[in-house]
Amino acid sequence: SDEQLQQHFDATIERDQRIEPRDWMPEGYRKTLVRQIAQHAHSEIIGMQPEGNWLTRAPSLRRKAILLAKVQDEAGHGLYLYSATETLGADRDDLTGKLVGGRQKYSSIFNYPTLNFADIGVIGWLVDGAAIVNQVPLCRCSYGPYARAMIRICKEESFHQRQGYELLMTMMRGTDEQREMVQDATDRWWWPSLMMFGPPDGDSPNTQQSMAWGIKRHTNDELRQKFVDMTVPQAEALGVSLPDSGLVWNPERGHYDFSEPDWSEFKQVIGGNGPCNAQRLERRRAAHEDGQWVRDAAAAHAAKENARKEG
Ligand code: FAQ
């Protein structure tokens, strides 16, 4: 009966075991996962654009090869994540339609411009750094396919984070102008990176239920704090300052205190009015339309193969 199915599901969550695609699951659990994983997949795909902006202008062959590999990894992450949504019965074409139609979200962070090459380093350091803090706990997500996809993704993200930090270290050993570029990029990306973790816990409608289901393992504010604590010593080692005069060590809490991000800016950005939202979606839409012939050719090929098998 439905009640037994629900009890079996609850007991699986209770024992901290994994839910697999063929297991019964409540509709809300399925919907929450499709929402989060699709947004995550869209973020990886849209996230290729800010860095892709510098592929043709990387300062050396080595930097270009590194950046190409990173952007390709992001495409791969998007693909595993779309596959994970398919195990929940979602249709990838439908999800893409929702993204390009502006009906599904992607991470706020990718709506900011990459103005100079130091932005590439800072994206690796701060954006991939924040992504790792958020995603390592998702390796223990109660839904098996998402958790397993996260293991590989996190390995690649930590490599991305290190390449960004290494790029910045190199620039910091360079000229005054290069050091200024790193500081400028840090100033611009710091607050948007803190916003990646989502709204404060009091304004996060999904956290409580997602934690009860073992989808999320920590609240948005817990992860944001963890990121700040981890990043301050990295900024010191690099020799850059973080643009927050309220950022001070609090010995009683054993954490850094920091100022509140501008949540009205966050709302603007997730509402579609960030600096690059229109450009990002337009580019994604154009790429999707330009790819129509590939989908048509693949479908025609599959139809021919099927006809041959049957005939
Ligand atoms: N941007 O109730 P909550 C990457 C939405 S890393 C946009 O707290 P939840 C790697 C949220 O969806 C970036 N929207 O929601 C990379 C919800 O709206 P809805 C991707 C946001 O789900 C690096 C509403 O606000 N990572 O791509 C944001 O419990 C470099 C209320 O919020 C992931 O997606 C935001 N920042 O917690 C690639 C990680 N925050 O759906 C390229 C997986 C919140 O009700 C280059 N996702 N919203 O309309 C998660 O962990 C969670 O979904 C959170 C949000 C923590 C993002």
Side-chain angles (χ1 to χ4, degrees), residues 28 31-54 67 70-78 80-81 84-85 98-99 102-112 114 119-141 143 146-147 149-150 153-154 156-161 163-164 189 191-213 215-224 226-227 261 263 265-272 274 277 280:
K31 266 178 120 168
T32 296
L33 280 167
V34 171
R35 176 185 65 79
Q36 177 168 325
I37 304 172
Q39 285 178 7
H40 194 167
H42 298 330
S43 304
E44 297 280 356
I45 299 298
I46 296 276
M48 296 166 75
Q49 292 185 35
E51 290 166 292
N53 183 36
W54 285 91
L67 189 56
K70 181 179 192 288
V71 173
Q72 283 177 349
D73 284 352
E74 284 151 11
H77 298 172
Y80 325 141
L81 289 164
T85 64
K98 286 183 173 143
L99 170 67
R103 280 173 292 135
Q104 258 176 5
K105 295 190 173 81
Y106 58 89
S107 182
S108 51
I109 192 76
F110 303 117
N111 293 306
Y112 292 86
T114 40
D119 289 44
I120 298 304
V122 169
I123 288 178
W125 173 37
L126 297 180
V127 177
D128 285 281
I132 294 166
V133 170
N134 166 268
Q135 285 169 202
V136 164
L138 294 174
C139 297
R140 292 183 292 112
C141 168
Y143 187 58
Y146 190 32
M150 276 301 130
I153 292 178
C154 283
E156 295 183 345
E157 305 279 33
S158 51
F159 187 62
H160 294 172
Q161 200 269 354
Q163 72 77 37
W189 289 91
W191 294 108
S193 299
L194 293 186
M195 293 176 195
M196 285 175 74
F197 294 93
D201 293 351
D203 292 326
S204 165
N206 299 300
T207 294
Q208 210 182 0
Q209 180 62 71
S210 288
M211 285 181 67
W213 275 329
I215 296 173
K216 286 169 84 163
R217 298 292 181 171
H218 304 280
T219 71
N220 300 353
D221 285 333
E222 284 166 8
L223 293 174
R224 197 172 359 257
K226 195 171 174 169
F227 173 71
W263 294 114
E265 175 182 320
F266 175 72
K267 284 189 192 126
Q268 282 294 316
V269 174
I270 67 171
N277 294 59
R280 300 290 185 239

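Just so you know, residue 1 is the first one in the sequence shown, and it goes up from there. Whatever order the structure lists them in is the order used to number ligands and atoms, beginning at 1.
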### Task
Anything with a heavy atom under 4.0 Å from ligand 1 counts, so go ahead and list those protein residues by chain and number.
Arg35, Gln36, Gln39, His40, Ser43, Glu44, Gly47, Glu51, Lys70, Glu74, Lys105, Tyr106, Ser107, Ser108, Phe110, Val127, Asp128, Ala131, Asn134, Gln135, Leu138, Tyr146, Glu157, Met195, Met196, Phe197, Gly198, Pro199, Ser204, Pro205, Asn206, Lys216, Asn220, Phe266, Ile270
### Task
Taking the side chain as every heavy atom from C-beta outward, state whether Pro261 and Phe266 have any pair of such atoms under 4.5 Å apart.
no
### Query
Taking C-beta and beyond as the side chain, do Tyr146 and His40 meet within less than 4.5 Å on heavy atoms?
yes
### Task
With sequence neighbours excluded, tell me which residues meet side chain to side chain donor-acceptor pair (under 3.5 Å) with Asp221.
Arg224
### Message
Going by the rule side chain to side chain donor-acceptor pair (under 3.5 Å), which residues pair with Asp119 if we only count those two or more places apart in sequence or in a different chain?
### Response
Arg188, Trp189
### Message
Going by the rule ring pair (Phe, Tyr, Trp, His ring centres under 6.0 Å), which residues pair with Tyr112 if we only count those two or more places apart in sequence or in a different chain?
### Response
none
### Query
So Lys226 and Glu222, salt bridge (Lys or Arg N to Asp or Glu O under 4.0 Å) or not? Walk me through it.
CA-CA 6 Å; Lys226 195 171 174 169; Glu222 284 166 8; over 6 Å; no
